[in-house]
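Working notes for the structure below.
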There are 2 protein chains.
Amino acid sequence: MEDRKQAILRAVVHEFTTNAVPVGSQALQSRYFVNLSSATIRSELAELSDLGYLTQPHTSAGRMPTDSGYRYFVDFLMDLEPIPDRIKGFIADELRTAPADVQGMVERVAMTVAAVTQNASVASAPQGSMARIKHLDLVSLEPKEVLLILLLEGNLLRQQVIPTTEPATQTQLTRLTARLNASLGGRASDEARRHYDAAPLGLEKELLGRVIAVLDIYEKGSESLVVHDGVRNLLRHPEFAESSRVTQVLEVLEETRYLTILLRQLIGESDLQIVIGSENMTSQLQGCAVVLTTYGPSERLKGVLGVIGPTRMAYSQTVARLQAVARGASDRMAEVGV
Amino acid sequence: MEDRKQAILRAVVHEFTTNAVPVGSQALQSRYFVNLSSATIRSELAELSDLGYLTQPHTSAGRMPTDSGYRYFVDFLMDLEPIPDRIKGFIADELRTAPADVQGMVERVAMTVAAVTQNASVASAPQGSMARIKHLDLVSLEPKEVLLILLLEGNLLRQQVIPTTEPATQTQLTRLTARLNASLGGRASDEARRHYDAAPLGLEKELLGRVIAVLDIYEKGSESLVVHDGVRNLLRHPEFAESSRVTQVLEVLEETRYLTILLRQLIGESDLQIVIGSENMTSQLQGCAVVLTTYGPSERLKGVLGVIGPTRMAYSQTVARLQAVARGASDRMAEVGV
DNA sequence: TTCAGCACTCTCCCGGGGAGAGTGCTAGAT
DNA sequence: ATCTAGCACTCTCCCCGGGAGAGTGCTGAA
């Protein structure tokens, strides 16, 4: 595409994302292209419309980008907006004072993203592909009930109450704990599986089975923690003035199963993914754009962090700030060992 | 108040909560009081307006209840609506299949309340007034970093990463763990405090200080888990058609500090509290009613469960269903030991 | 290739008028 | 003393038409 057309497309996207009003040839001429006449701009606009990048709400209105227009913008025209110092400071403060547990950290991260992007945010807890057991603990609750506490790599804590077929005293459990820690500590689920196969029937095998089940859930991420925040920010945007639009987004956000589908999109993709309007799988997100990236304390422990807003979103700002929070959160999580 | 006036007030509340349209004398006559003329009903309505229980959006419109009108209704006229079997079944199913950890259970409870009341819900995790330590575990992460795992009464798990001034090996920690478990197991925070005062300077005192800090946070509930769900249900109600109303509610729900204030209202009150419109502390909840009750696995471990919706709410249905979920959740939590 | 000019289109806003719903009041019936 | 029928009145809601304003596409000249 010619440079001038690109410049005009960029200008339309910029104007429309800030003012939310279809932008006309005169506005472009006076604010961006003083050397061109509005008539020239008009004919360029008409061509951009033919190309499918722009559209008009009605024949005598200004232009606004189509989904493809936004797509072209983010693929070819966008450059990351520098982050103001106060925003940088805000992000640092929020992450520094975040609780040092997974749940608290993920919530804080989601809150921060929502605040700095002025949109809704989603975050899933970092998940390892293959979990290593760092420590294991067994506590007797009732004669025939044991609490299993699993500390995984990355200091993720998993717990589960296990009913056992035979009663077990705390002394027995303590002995078993020591033995299991010695054999499983630092090992991954395949090792636990080997021990399980080798173990004789009885309490130990029973408990090992549960350990494997917990690891499975962890690895498959089916029971993963997914939080959202900042829906109130969406309501400030005119596209959500009538509440039916909000309903649809809320359906996606409040239904964890939708969210996991949404977040799963990122798997195997590059570290930044932008899904615009009709590109979304779920019809509820028509008119919305989703920006996703990953974060986590280590290479092997990654969660997804994302922004949901109207397609008319300040993409360059959103991407820059989202990535800043993701980097900050990753560092912080590595530091406190969440 | 005379019986007939009460009956008319009840009828107005009933009509208005189902149709969301101001109710006129003819509608009441044809649907509730066939033996009375609409003129008679009109004069009764006028008197109820004088008493402050009813109001009209404009002079020639039907009547709708004021906040005091709803207050009179819930205090004197409301009787609990029986719960249909399918709803009962739904509640039972949701609770039966709920995850057996605090986080998951609280989220499931909130989800269930939102679903059966068709409004937004809030839930705080059950909190003990005085926490007893059931089990304690120390894991060495780095030479000078220890993970403290506290298992409290009711199988609440608290964890914290503690940087220590002096390095500690896992062997040392294991010994210390055994000693602390023996002395603190089954005891509450006052006992921990006694041990802390008596302990000589060093690792043990340092760790005991952290244990007390965790218990403090737990007892004061400042870092408590508060979740909400079902905001999408609110959007179905006509009073939330313009999204600014939703914004205000979302501000309350998404700001945990508001929520904790809201939930704290219940402390020291009866087991069911209904806050209607202007009775709300926070101005954001004008036009909204909040119904709160408590739930939890035991007498000493209680959380708050609530419904937030428009003042035009089916109170008798909401209260009945909320209490049903609270009872069910309490039983389930006691059963699985969450 | 660019630009000025022009006719055209469509939305938005405003005011008027009619339909409809519901009220308060009054005089008569029970 | 209480209830009821009738009636005039009020107010909203909705539809309609016209004028202002913004922006377009097209055309012919530079």
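By convention in this document, chain letters (A, B, ...) are assigned in the order of the sequence lines, proteins followed by strands, and residues within each chain are numbered from 1. Keep in mind that the numbers below use all heavy atoms, side chains included, and drop hydrogens, waters and symmetry copies.
Neither OP1 nor OP2 of dT10(D) sits under 4.0 Å from any side-chain N or O of T59(B). Between S60(A) and the phosphate of dT24(D), there is no side-chain N or O to OP1/OP2 separation shorter than 4.0 Å. Contact annotation: R42(A) does not reach the phosphate of dC26(D) (side-chain N/O to OP1 or OP2, under 4.0 Å). The side chain of R63(B) places no N or O atom within less than 4.0 Å of a non-bridging phosphate oxygen (OP1 or OP2) of dA21(C).
Annotation: side chain of M64(A) is not in contact with side chain of R312(A) (no heavy-atom distance under 4.5 Å).
Not a single donor-acceptor pair under 3.5 Å links the side chain of R63(A) to the backbone N or O of V23(A).
Summarising the geometry, the separation between CD on E47(A) and C1' on dT1(C) is reported as 12 Å, rounded to the nearest angstrom. When the C1' atom of dG21(D) is taken as reference, atom NE2 of H58(A) falls 11 Å away, rounded to whole Å. For the pair L28(A) CG and dT24(D) P, the computed distance is 8 Å after rounding to whole Å. Q29(A) has its CD atom 12 Å from the P atom of dT24(D), to the nearest Å. If you take CG of L36(A) and C1' of dA4(C), they are 14 Å apart, rounded to a whole angstrom. The interatomic distance linking I41(A) (CD1) with dT24(D) (P) rounds to 10 Å, in whole Å.
Contacts of S43(B) with the nucleic acid, taken as non-hydrogen atoms under 4.0 Å apart, are absent. Nucleic acid contact class of Q56(B) (heavy atoms, under 4.0 Å, all strands): sugar-phosphate only. Using a 4.0 Å heavy-atom cutoff across all strands shown, S38(B) reaches no nucleic acid atom at all. Residue A39(A) is in base contact, counting any heavy-atom pair closer than 4.0 Å across all strands shown.
The aromatic rings of H228(B) and H228(A) sit perpendicular to each other, their planes meeting at more than 60°, with 30° as the lower class boundary. The aromatic rings of H14(A) and Y32(A) lie perpendicular to each other, with more than 60° between the two planes, well past the 30° mark.
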